[in-house]
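On a predicted model such as this, the values are computed, not experimentally measured, just so you know. Below, chain A is the first sequence line, B the second, and so on; all start at residue 1. Computed from heavy atoms alone, side chains included, the values below leave out hydrogens, waters and symmetry copies.
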Amino acid sequence: MESNGVKRKIVLFILGFIVWCLLVWVPDWQHLVVGVFVAGMIALLVGDLFIKKPGKLKHPHRYRYFIFQYVPTFLWECIKANIDVAYRVVHPNLPINPGIVKVKTTLTSDTALTFLANSITLTPGTMSVDIDKDKGVLYIHWINVKDKDVKGATKDIVEKFEHILAKVFE
Amino acid sequence: MSNIIDIVGLVFIGIGLAFDFFGCLGLVRLPDVYNRLQAATKSVTLGTCSILFGTFLIVGFTAAGFKCLLCMMFLLLTAPVAAHAVARGAHRAGVKLWDKSVIDKYAEDKEGEI
Amino acid sequence: MKIVRWLIGLIVLSFIIGWIIFRPFSFLFYPDLPFVGFLGRAMYILILACALCLYRVFRGPTGADRIVAIDIFGIMIVGFCSILTISTGRSWYIDIGIAWALQSFIGTLALSKYLEGKGFDE
């Protein structure tokens, strides 16, 4: 347990230092010294909050799934969502049919649920309103309700991302 | 060569401007808070990310370019979280859905809890 | 009735955008306008979008509408700073953009918690 806490702090220190180096690009030695102090202070203060299991960061196949499967799917859905929104806004009759539906998910970890909610918000016609983590239930505002019961809505909304995110984060 | 990259960057900026404008039009036209939040968040987030990416293509691999990429990732992570927080707060504060809405599972389940 | 309002809105908006793009009779206002070229026209279109946001801020029937409009306004300012970075060539405008995005996110979270009527410790 003790070594796990130290590992978390070291991972957060490295992440913070990389972000600092990107913010002060072309770093000289003064910038690097200040960056070491700032990243060390952040890692000491809030090191226990962000990364729960640092062992997950070591597997290269997670990064491969993230870059080659999640990112293209997400960008394609995002572009489709924007064209859909532009069509609905410009149309004179406002073809919307809104409502809040309930879907079920099998993901459990915090990071995976956050990414699932973000992906749902940026994909066509859906936006997450609330998450119940204990029951594994998401409430989703849908701009054009096609299916009112839980099973059909789950099939339409969640399943595009769920199996990819399960491979990446679980 | 750099001329072509500049033109591609300007095309990205133009697409971003069009999406920003449609998002704000949706903010004015749509009938209730949740629909407005949907249209505005989606369109304006992707539009601003497209403008930032066009800036990165024009400026190149300099300090400003890396800051553009960092700002893009930051916006893609935080804008949906802000939309989620505002929607949850509005529903708990009792803002009604549009009166032609079809279904509201969240209100049904919440009344069961309390 | 609805289609008449839609037509009026379409005509007014296309008139404004056409003026921004082709810019006729500009000698009536200034001998040379401050923003020129493609990036100047881009800034005028962003100002138009911000004006639509401000309409929702003033008009919004509930508090939630105003919060949504302020959030969207904050995201659009980041794009404005990014265009200013290209057109003036000063790289510190994008620093202002990053700081504005951070402050806008935290402000929106605080406003939504206030709307929910709870404390900050949940």
Is it the backbone or the side chain of I75(C) that comes under 4.5 Å from a heavy atom of chain B, or both, or neither? both
Parallel, tilted or perpendicular: rings of H91(B) and Y34(B) (30°, 60°): tilted
When the 4.5 angstrom heavy-atom criterion is applied to A51(C) and chain B, the contacting part is neither
Structural part of T78(B) lying under 4.5 Å from a heavy atom of chain C: both
Can you tell me if W6(C) has over 12 outside heavy atoms packed within less than 6.0 Å of its CH2? yes
So does W100(C) get a backbone contact from the side chain of S104(C), meaning a donor-acceptor N/O pair under 3.5 Å? no
Pick whichever of L111(C), I72(C), I67(C), I83(C) has the most heavy-atom pairs under 4.5 Å with chain B. I72(C)
For chain C, which candidate among L17(B), T41(B), I13(B) shows the most heavy-atom pairs at distances under 4.5 Å? L17(B)
For the pair S112(C) (side chain) and L109(C) (backbone), establish whether a donor and an acceptor sit closer than 3.5 Å, ignoring hydrogens and angles. yes
With chain B as the partner, which of V78(C), L102(C), L48(C), T85(C) has the greatest number of non-hydrogen pairs under 4.5 Å? L102(C)
Can you list everything that forms a salt bridge (Lys or Arg N to Asp or Glu O under 4.0 Å) with D32(B)? Sequence neighbours excluded, please. none
Chain B contact via L13(C) - which portion, at a heavy-atom distance below 4.5 Å: side chain
Only distances under 3.5 Å count here; give the side-chain donor-acceptor pairs of residues 50-76 of chain B to other protein atoms, sequence neighbours excluded, each with its distance to 0.1 Å.
unit_1	atom_1	unit_2	atom_2	d
S50(B)	OG	F12(B)	O	2.8
T55(B)	OG1	I51(B)	O	2.9
T55(B)	OG1	S82(C)	OG	2.5
K67(B)	NZ	D95(C)	OD1	3.1

Residue among S91(C), A42(C), G9(C) with most heavy-atom pairs under 4.5 Å to chain B: A42(C)
